[in-house]
Amino acid sequence: MLKYRHVRNLGFGGLEHPVMNLLGNPEVCTNGAILDLWHPVVPTSEIEVGIVRQVVLLGQAVSYSLTAPGTYFAWRTDPAIPAGTVFMPSVVTENLPVLHRYGYLWTSLGDPSESLFEIPEYDEPDRRNIHAATIGVYCSAPRAVENFLDLGHFPYVHTGVLGIEPHTEVVEYDVHVDPENNELWATNCRFFQPMAAATSTTGKTVGYEFRVPHPYCCLLYKTSPLDSSRVDAIGLFVRSVAPDYIEANMFLSLLDESSSDSFIRQFQQLIFAQDKPILENQNPKLLPLDPRAETPVRSDKLAIAYRRWLSDLGVTYGVLPKT
Amino acid sequence: MACFQRLEPMSKSLTNLWHPIASAEDLPYRHIFQGQLLGRELAVWRADDDFVNIWENRCLHRGVRLSIGRNEGLELKCQYHGWRYANRSAGCTYIPAHPADAPARTICNRTFPVCERYGLIWSGEDPTGDPPEISLLEKGRTLPLRSIAVNASLNLVLEHLANYRFSLNGDPGNLAVTTADYLDQCSLSVTATCDSKQSTVLFFVQPVDSNRSVIRGVLCSSPTDSERLLTLRHHSTELSHLREKVELDALKAPLIQPMTPTIEQVPITSYEIMMPSSGRKASLRVQVLRKWVTAEGIVGLELESIGKPLPTPQPGAHIDVHLPNGLVRQYSLTNAPGQGSLYRLGVKLESDSRGGSSCLHETVKEGDVLAISEPRNNFSLRRDAVKTLLVAGGIGVTPLLSMAHTLRNNKLDYELHYFAQTDGHLAFPEVLQEFGDAVVLHLGLSPEATSKELTALLLGYKSAMHVYVCGPGPMLEAARRIASEEGWPDTAVHFEYFRNTIEIDSSSSFEVSLARSALTLEIPSGKTILEILRANGITLMSSCEQGACGTCEVPVVEGDPEHQDVYLNDSEKAAGQRIMTCVSRAKSPRLVLDI
């Protein structure tokens, strides 16, 4: 008992989240702008046929399963259908909408649009689409997305891999909102990288584009080390468990014929493992949308635009809204 | 029973008290200690000059804990984007994403007061009065006990400490009779008496948060070596027992909400949005702490703040000194960020002095008060070069000294080439010695020989090399010409003139439109753009007012400028996108400025 209180009192992540929320007082999302979106549940490659499994999404327990013919199901967790038991579709009284896209099962707790954002690269025949990892992080979804959109930290957080001192300058780039899909884009980004991808052997300046089609999902496109006229796509699809705890899925769509899946996964996991302690040491954990809460500089143009875009969308879960 | 003076009235708010927040032992060099007081996290670090910095544990940029960053001796470097903050002032000195730009002076971490006393580091949210002085600790020898973190509120810990029992000889089976006396609402003394012998421990309880405290005990005597370990172990054991009891009690008590200290808003939204705020303002008052002859015809001056601490100087920065005779002169700071809380200048007596250098040489004495401007940096140092050459001519060494300090502290590759008449003319020789082999002296050279040396040292330009030149006009011209011949791009050649020797032609008259203010003004012959702007209520910063320092620069949207300054390089002048409002004019009938 003493031990448990000890951890709780320290106020660190520890046992407090998300377990505490499940047992006691879940911080359930009531933000319509977020509830109405599709959210990643789990990578479909990890779903077992005929068994009930459970996750937490936006403070609510969600169960899911897959039938032998290949149909996915998701529903709000029902104590009558416990996780780990054999799944029978007929016992679910109310199904949640599901999508199987980009290697993930997606669901929504609100009223979602018909389809998910497009990733045209996913369907190109010579690409390898890989789920690299699902990683739990004690941070808010927008903090994780903002970190994914940031070039300036490469020399300090991904030292010797994605950046190295003294090549620290972030040169001017362009930011726009694509009016058709209301997606945020940063283009013409360039950065010097000692080892930009698992296949890299020497350092070079790499071109980047960043894309935010969803408050909790983002993609980056970077010059392929094998073919400079094409890009590799890397996605971060976040399931927000609580406002300050996430499970982040890393998605890859690469032009790489030689590396093994496990080699590619290990490289991405190394990168993410370097980001994790930074994300878990940000205060406040929720992303402040008030521009005067933190100190942006020119290189943060995309982050500034992201915060404003979240504000305009009416996002209040995982952020500190402007007062 | 000894009577202790009460340190503070019992009613004083916890935020107005001094509290211990760390042991002195928690702060070895090059380490950052994470502390917490009244719910607020603190990054506590000892600089190489022994100053203890207590800052909000949060980088102003993205809120990352500074305690996971690096203590580089005189600067703290954030782990996320490498932002650097100076020892003492906590001002931001470098933003690596924009190595060519000087960070705005307003980017400054929140600092808290500090006092190192009785083996403890003291601070507070907003303490009033002086840190506690305890006569018992002042005179005798003392032994700080191991600090004990407890998951319980301040008051609960104090209640238990009032009943703390210990033995005089370290024997746990022989606990003495004790009496306790509160010193204030966070501390008490406990005295044990046995066989007419006494031992007193002072306990300072640090309120970490609503439900967490740290017991920091100091024994008011210093046992001999053989007893020391026994005594420490005894208190450690007894206090650990006490902790267990307090925590069991705390479990029964209702859990109090954690404290929520407010995080201050940043003063500006973005550092490049900063608009110039004034003309030549001397907002700082300093006292001449030390004045000495550092070389033939050169005096060194150390200026110390009167009142609020001096703003962070960045390498290459200069200040305006408002002299007692009414003149305003610019001098570069020779010390690097984080090096002390004073500004160090080197001033050469000019043979043709118009009253500036002669006033500082002859009139100004130690103890005199001077008005100075805040430091400005128009000669800012990149820290992303693979190699940096610093080329000094005579007194031009001053801004390069602060750069050399910074490059050395950052372990970056650099050379300082110092051209001077004789070694008697070398300013700050004791500082030069610190740089060791990085300093190359070139003494007594003719202009031709100087050019030859410059050619030799500017040979072999490679991408991401940078050169900074400061010295007399002819040497600067030669260095710039040679650098250009040797393939150095304009963007890699940085220079600062002492003064503009170009004869300014102010005979033209033209029109200036201000794009952002929707205002059009006539500039008649004999008046500068700066003067007319000021006369029309537009505030613009300026410093040298002769086209040398770059302070009054403004962007040009349209028109053909006649530059007349020595601040911009040739390609910048050709681009025509910026002018110095103190000397630049227009070749075209109209200039449109982006202000």
Side-chain angles (χ1 to χ4, degrees), chain A residues 1-11 139-140 143 146-147 150-159 163-172 191-192 205 274-275 277-288 290-301 303-304 307 320 323, chain B residues 36 39 41 56-69 77-83 92 94-101 103-104 106-107 149 151-152 209-212 244 247-248 250-251 255 258 263-272 382-386 410 412-413 464:
Chain A
M1 187 59 186
L2 194 66
K3 280 234 163 70
Y4 152 68
R5 272 290 283 268
H6 189 83
V7 172
R8 185 176 166 195
N9 279 346
L10 282 175
C139 75
S140 62
R143 284 276 194 201
E146 197 176 88
N147 176 67
D150 181 71
L151 288 171
H153 75 288
F154 286 174
Y156 300 96
V157 179
H158 308 296
T159 314
I164 194 159
E165 287 181 284
H167 307 281
T168 57
E169 181 160 11
V170 177
V171 292
E172 204 72 32
F191 206 74
F192 178 88
T205 298
Q274 292 171 330
D275 284 316
I278 296 289
L279 291 171
E280 294 184 339
N281 276 293
Q282 275 178 292
N283 177 21
K285 288 197 172 295
L286 307 184
L287 184 75
D290 186 326
R292 286 189 57 192
E294 292 178 352
T295 312
V297 292
R298 282 202 306 288
S299 55
D300 298 316
K301 205 152 93 174
I304 299 167
R307 293 182 188 198
L320 292 170
T323 46
Chain B
Q36 194 170 7
E41 270 193 38
E56 178 117 55
N57 191 16
R58 204 176 162 265
C59 178
L60 295 167
H61 180 214
R62 291 277 181 90
V64 166
R65 284 192 175 97
L66 291 172
S67 55
I68 68 165
K77 182 178 173 188
C78 176
Q79 196 64 29
Y80 197 7
H81 294 92
W83 285 29
C92 180
Y94 192 60
I95 296 177
H98 300 298
D101 302 326
T106 44
I107 306 179
N151 290 303
D209 204 332
S210 313
N211 304 298
R212 288 188 292 139
E244 282 168 22
E247 289 189 340
L248 277 171
L251 284 179
L255 207 58
I263 294 170
E264 285 181 345
Q265 290 215 313
V266 295
I268 45 160
T269 52
S270 182
Y271 86 106
E272 73 266 42
R382 298 178 68 117
R383 302 197 210 176
D384 64 341
V386 293
N410 293 169
L412 293 169
D413 191 10

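Since this is a predicted model, take the numbers as computed values, not measurements. Order of the sequence lines sets the chain letters (A, B, ...), proteins ahead of strands, with each chain counted from 1. Keep in mind that the numbers below use all heavy atoms, side chains included, and drop hydrogens, waters and symmetry copies.
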Top of B/Ser210, B/Pro96, B/Ala385 for chain A proximity - count of heavy-atom pairs under 4.5 angstrom
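Of B/Ser210, B/Pro96, B/Ala385, B/Pro96 has the most heavy-atom pairs under 4.5 Å with chain A.
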Considering only heavy atoms and a distance below 4.5 Å, find which of B/Lys77, B/Arg383, B/Glu264 pairs most often with chain A.
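Most heavy-atom pairs under 4.5 Å with chain A: B/Lys77.
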Step by step, work out the salt bridge (charged side-chain N to carboxylate O under 4.0 Å, His left out) result for B/Glu247 and B/Arg212.
CA-CA 10 Å; B/Glu247 289 189 340; B/Arg212 288 188 292 139; over 6 Å; no
Roughly how far, to the nearest 0.5 Å, is SG of A/Cys139 from NZ of A/Lys285?
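One finds 7.0 Å between NZ of A/Lys285 and SG of A/Cys139.
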As an exercise: rank A/Glu146, A/Glu165, A/His167 by heavy-atom pairs under 4.5 Å with chain B and give me the winner.
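With the most close heavy-atom pairs to chain B, the winner is A/Glu146.
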Contact winner vs chain B - A/Leu151, A/Asp150, A/Leu279, heavy-atom pairs under 4.5 Å
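Heavy-atom pair counts peak at A/Asp150.
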B/Arg65 versus A/Gln282, side-chain donor and acceptor atoms under 3.5 Å:
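There is no such pair between these side chains.
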Structural part of B/Leu60 lying under 4.5 Å from a heavy atom of chain A:
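Both the backbone and the side chain of B/Leu60 come within 4.5 Å of chain A.
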Tell me whether the rings of B/His81 and A/His153 are parallel (<30°), tilted (30 to 60°) or perpendicular (>60°).
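Rings of B/His81 and A/His153: perpendicular, over 60°.
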So do the side chains of A/Leu287 and A/Arg307 get within less than 4.5 Å of each other, counting heavy atoms only?
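Yes. Closest side-chain heavy atoms under 4.5 Å.
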State which residue, out of A/Asn281, A/Asn147, A/Asp275, fulfils the side chain to side chain contact (heavy atoms under 4.5 Å, CB included) condition with B/Tyr80.
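Per the side chain to side chain contact (heavy atoms under 4.5 Å, CB included) rule, the option paired with B/Tyr80 is A/Asn147, out of A/Asn281, A/Asn147, A/Asp275.
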Counting only heavy atoms closer than 4.5 Å, note whether A/Pro284 contacts chain B via side chain, backbone, both or neither.
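Contact with chain B: backbone and side chain both.
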Contact class of A/Glu169 relative to chain B, heavy atoms under 4.5 angstrom:
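Both backbone and side chain.
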